[in-house]
Amino acid sequence: MKFSSSFSTLAALALALASLASAADRTAAIYIQPVSQSSVAPAPLAEIRYDPEAVASDAEVVSYEAPEIPDEAQLVRIGVYNPSAKRWESSTSVASVDNFGKGYSPTVILSVDRKGDVFGAALRGVRIDAGQTRDFGPQALVLVSEPGKQPELNKPVVLSPEGKNVVPEEKTFFQKYWWLLGIVVLLTMTGGGGGDQGK
């Protein structure tokens, strides 16, 4: 009896932890818009689930719709789009339509801030080799931004009472190299003449 009750308690605890972990996951709807002469509205490309707590993680592609790109379009715009407000909610990137060609697997790259909000999206076509991999579908990658390095500051600037920079005085040759001149004089005075030794 004790074993079954402790087992059910552990199972309930594991289920609660799994629900908390899945609650941290977020989704982002990625849209695509062909860049062409005619005005085409952005269309859904993929929905990506990611964990904002991870430093850099692979994300899961929940849904993917192959884009219908007009023949005259050579470039596409990728980003997070709000269809109700009809505006882009993230920075967008431009990619070639060749990324969707035969022999390439599209990889959506999400740039996420530390709070987990998407601030940019990009697309890269990864060349696939049938002998190396069996996963030909679209992939997703999340890049979490890190704070930049802070500058290392030097000594503070020393100012004179008038508020001007204090320039150190340049030393003369004798002030810099007096010790070398002292060694030369010492060696000259202690060295023998050597004139009488040769006779």
Side-chain angles (χ1 to χ4, degrees), residues 14-153:
L15 184 61
L17 288 175
S19 66
L20 285 175
S22 64
D25 287 350
R26 289 181 147 187
T27 58
I30 307 300
Y31 280 72
I32 186 170
Q33 180 182 28
V35 177
S36 63
Q37 297 284 341
S38 61
S39 177
V40 178
L45 176 68
E47 187 173 332
I48 297 170
R49 181 181 302 134
Y50 63 96
D51 182 11
E53 299 298 323
V55 176
S57 67
D58 291 330
E60 178 186 356
V61 178
V62 177
S63 66
Y64 176 78
E65 298 177 25
E68 295 180 18
I69 302 170
D71 292 336
E72 72 270 2
Q74 296 297 315
L75 300 172
V76 291
R77 180 186 301 174
I78 309 287
V80 177
Y81 183 75
N82 185 348
S84 61
K86 295 186 179 181
R87 67 180 186 93
W88 294 97
E89 292 189 339
S90 72
S91 63
T92 60
S93 64
V94 176
S96 172
V97 295
D98 296 336
N99 290 315
F100 298 102
K102 188 174 183 178
Y104 289 93
S105 174
T107 300
V108 177
I109 302 167
L110 290 179
S111 298
V112 179
D113 63 10
R114 299 195 86 170
K115 295 183 285 185
D117 298 329
V118 177
F119 66 83
L123 184 116
R124 179 180 71 173
V126 177
R127 190 157 183 70
I128 53 175
D129 183 10
Q132 296 291 330
T133 183
R134 298 284 178 226
D135 191 9
F136 301 124
Q139 302 292 321
L141 178 69
V142 175
L143 301 176
V144 180
S145 66
E146 294 292 327
K149 287 187 101 180
Q150 297 297 320
E152 294 179 17
L153 301 176

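Note: hydrogens, waters and symmetry copies are ignored here, and every other heavy atom, side chains too, is used.
Between the side chain of S93 and the backbone N or O of A121, at least one donor-acceptor pair lies under 3.5 Å.
Nearest approach of P147 to R114, heavy atoms of both residues: CD-NH1, 3.3 Å. The two residues I48 and A59 have their closest heavy-atom pair at CG2-CB, 3.5 Å. Nearest heavy-atom pair, G116 versus Y50, reported as atom, atom and distance to 0.1 Å: O-OH, 2.6 Å.
Applying the ring pair (Phe, Tyr, Trp, His ring centres under 6.0 Å) test to every pair with at least one member in residues 107-126, sequence neighbours left out, gives no pairs at all.
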Would you be so kind as to tabulate the donor-acceptor pairs closer than 3.5 Å made by side chains of residues 62-78, with sequence neighbours excluded?
{"unit_1": "R77", "atom_1": "NH1", "unit_2": "Q33", "atom_2": "OE1", "d": "3.4"}

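In this structure, the ring-ring contact (aromatic ring centres under 6.0 Å, His included) partners of Y31, at least two apart in sequence or on a different chain, are Y81. Shown here are the salt bridge (charged side-chain N to carboxylate O under 4.0 Å, His left out) partners of D117, two or more places apart in sequence or in another chain: R26. In this view, V80 and I30, E89, S90, V118 satisfy the side chain to side chain contact (heavy atoms under 4.5 Å, CB included) rule, not counting sequence neighbours. Residues satisfying the side chain to side chain contact (heavy atoms under 4.5 Å, CB included) criterion with Y104, sequence neighbours excluded, are R127. Taking S84 as the reference, N82 meet the side-chain hydrogen bond (donor to acceptor under 3.5 Å, both in side chains) condition, with sequence neighbours excluded.
A distance of 14.5 Å separates CZ in R124 from OG in S96, rounded to the nearest 0.5 Å.
For the side-chain contact (heavy atoms from CB on, under 4.5 Å) with V108, the lone residue among I32, V142, V61, L123 that qualifies is L123.
Inter-residue side-chain proximity for L143 and I109 is flagged as met; some heavy-atom pair is nearer than 4.5 Å.
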